Amino acid sequence: MPAPASDYFEGFLSRHCNRPLLEGFDALDAAFCIHLRDDDAFWNLRLEAGRIVAIERGETGAGAVRYEVDTEAFWAIVRGRLSPQAAFFARRTEIAGDLFLGLKLAKVLGLFFARYPFTENAADEPGV
């Protein structure tokens, strides 16, 4: 059974807050949501200057883009086993809202997931 999504968002990903996601994306500002359909969980994230500045679980999605994804595809993506673009074109995830921004973010997030894949051990590691 996969780890709860909170392990990823509140544990692993929160340790990447307030530092650049990746070099070269310091002009990226966006608010977006990842909706895990199976759990009906909404995770709202905000990037400013290429840095994650907010991660919040919400009742609904917020931001210009919402990614609709099933839990199995979500874990494959954050573990670096499936790119967000491949998941989109295979219809394992959907993008609601600003499609252009959604595809741009998917590319950046795909690079991030490939560089910093989630593992169950990573949830316990200090300072990623």
Side-chain angles (χ1 to χ4, degrees):
M1 178 171 204
S6 59
D7 284 2
Y8 182 75
F9 289 103
E10 295 172 348
F12 179 81
L13 193 59
S14 70
R15 292 192 301 267
H16 288 275
C17 282
N18 299 310
R19 59 180 173 180
L21 277 180
L22 299 165
E23 291 182 24
F25 293 97
D26 54 343
L28 183 59
D29 295 328
F32 63 99
C33 173
I34 298 172
H35 177 211
L36 299 175
R37 292 184 287 230
D38 304 3
D39 298 337
D40 200 29
F42 293 87
W43 291 92
N44 299 302
L45 294 91
R46 194 171 70 247
L47 298 174
E48 291 179 2
R51 300 166 187 261
I52 299 171
V53 296
I55 302 170
E56 300 169 343
R57 186 172 181 155
E59 297 293 318
T60 60
V65 175
R66 185 177 70 243
Y67 298 98
E68 299 278 342
V69 62
D70 63 75
T71 304
E72 182 181 335
F74 168 77
W75 287 113
I77 291 167
V78 300
R79 288 184 171 124
R81 297 179 187 156
L82 177 66
S83 76
Q85 300 92 329
F88 174 75
F89 289 114
R91 297 181 182 221
R92 296 197 61 197
T93 186
E94 297 173 23
I95 300 173
D98 186 333
L99 183 60
F100 178 75
L101 179 59
L103 291 172
K104 179 179 177 180
L105 279 170
K107 180 176 176 135
V108 173
L109 292 171
L111 294 169
F112 175 82
F113 300 140
R115 184 163 184 184
Y116 302 104
F118 176 81
T119 63
E120 266 54 346
N121 296 339
D124 299 326
E125 294 173 8
V128 180

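Note that the numbering runs from 1 along the sequence shown for the chain. From a predicted model like this one, the values you see are computed outputs, not experimental measurements.
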**F9 ring center within less than 6.0 Å of F74 ring center** =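 For F74 and F9, the ring centres are under 6.0 Å apart.
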**Item:** Closest heavy-atom pair and its distance - F42, C33
**Value:**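 Result for this residue pair: CD2-SG, 3.7 Å.
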**Request:** Any chance you could measure L109, atom CG, to Q85, atom CD, to the nearest 0.5 Å?
**Result:** 9.0 Å
**Request:** Look only at the side chain of Y116 and the backbone of L21, and say whether a donor-acceptor pair between them is shorter than 3.5 Å.
**Result:** no
**Item:** Minimum heavy-atom distance A73-L82, with the two atoms named
**Value:** O-CD2, 4.4 Å
**Prompt:** Is there a side-chain contact between T71 and W75 (heavy atoms, below 4.5 Å)?
**Reply:**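 Yes; the side chains approach each other to less than 4.5 Å.
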**Complete:** Between R92 and D70, the two heavy atoms sitting closest are O-OD2, 3.6 Å
**Message:** Let me confirm one number: the CZ-CZ distance from F118 to F12, rounded to the nearest 0.5 Å.
**Reply:**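 The distance works out to 7.5 Å.
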**Prompt:** How many angstroms lie between atom CG of L36 and atom CD of E68, to the nearest 0.5 angstrom?
**Reply:**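 Nearest 0.5 Å value for the CG-CD distance: 9.5 Å.
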**Request:** State which residues pass salt bridge (charged side-chain N to carboxylate O under 4.0 Å, His left out) with E10; sequence neighbours excluded, sorted by chain then number.
**Result:**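 Per chain and number, E10 pairs via salt bridge (charged side-chain N to carboxylate O under 4.0 Å, His left out) with no residue.
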**Asked** Any side-chain heavy atom of D40 sitting closer than 4.5 Å to one from H35?
**Response** yes
**Request:** May I have the step-by-step check of side chain to side chain contact (heavy atoms under 4.5 Å, CB included) for F88 and Y67, ending in yes or no?
**Result:** CA-CA 9 Å; F88 174 75; Y67 298 98; over 6 Å; no
Listed pairs under 3.5 Å, donor-acceptor, residues 44-61 side chains, sequence neighbours left out:
unit_1	atom_1	unit_2	atom_2	d
N44	OD1	A62	N	2.8
N44	ND2	T60	O	3.3
R46	NE	E48	OE2	3.1
R51	NH1	N18	O	3.1

**Message:** According to a hydrophobic-cluster definition based on side-chain heavy atoms being under 4.5 Å apart (Ile, Leu, Val, Met, Phe, Trp, Tyr only), do F89 and F100 belong together?
**Reply:** no
**Request:** Search all heavy atoms of P84 against all heavy atoms of T93 and return the closest pair with its distance.
**Result:**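 Minimum heavy-atom contact is O-CG2, 4.1 Å.
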**Request:** Please step through side chain to side chain contact (heavy atoms under 4.5 Å, CB included) for the pair L105 and L28, ending with a clear verdict.
**Result:** CA-CA 9 Å; L105 279 170; L28 183 59; 4.0 Å; yes
**Prompt:** When you look at F32 and I95, which way does the side chain to side chain contact (heavy atoms under 4.5 Å, CB included) test go after all the steps?
**Reply:** CA-CA 10 Å; F32 63 99; I95 300 173; over 6 Å; no
**NZ on K104 to CZ on F25, rounded to 0.5 Å** =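 Here the rounded value is 8.5 Å.
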**Test side chain to side chain contact (heavy atoms under 4.5 Å, CB included) applied to S6 and W43, step by step** = CA-CA 9 Å; S6 59; W43 291 92; 4.1 Å; yes
**Request:** To the nearest 0.5 angstrom, please state how far the CZ atom of R66 sits from the CG atom of D98.
**Result:** 13.0 Å
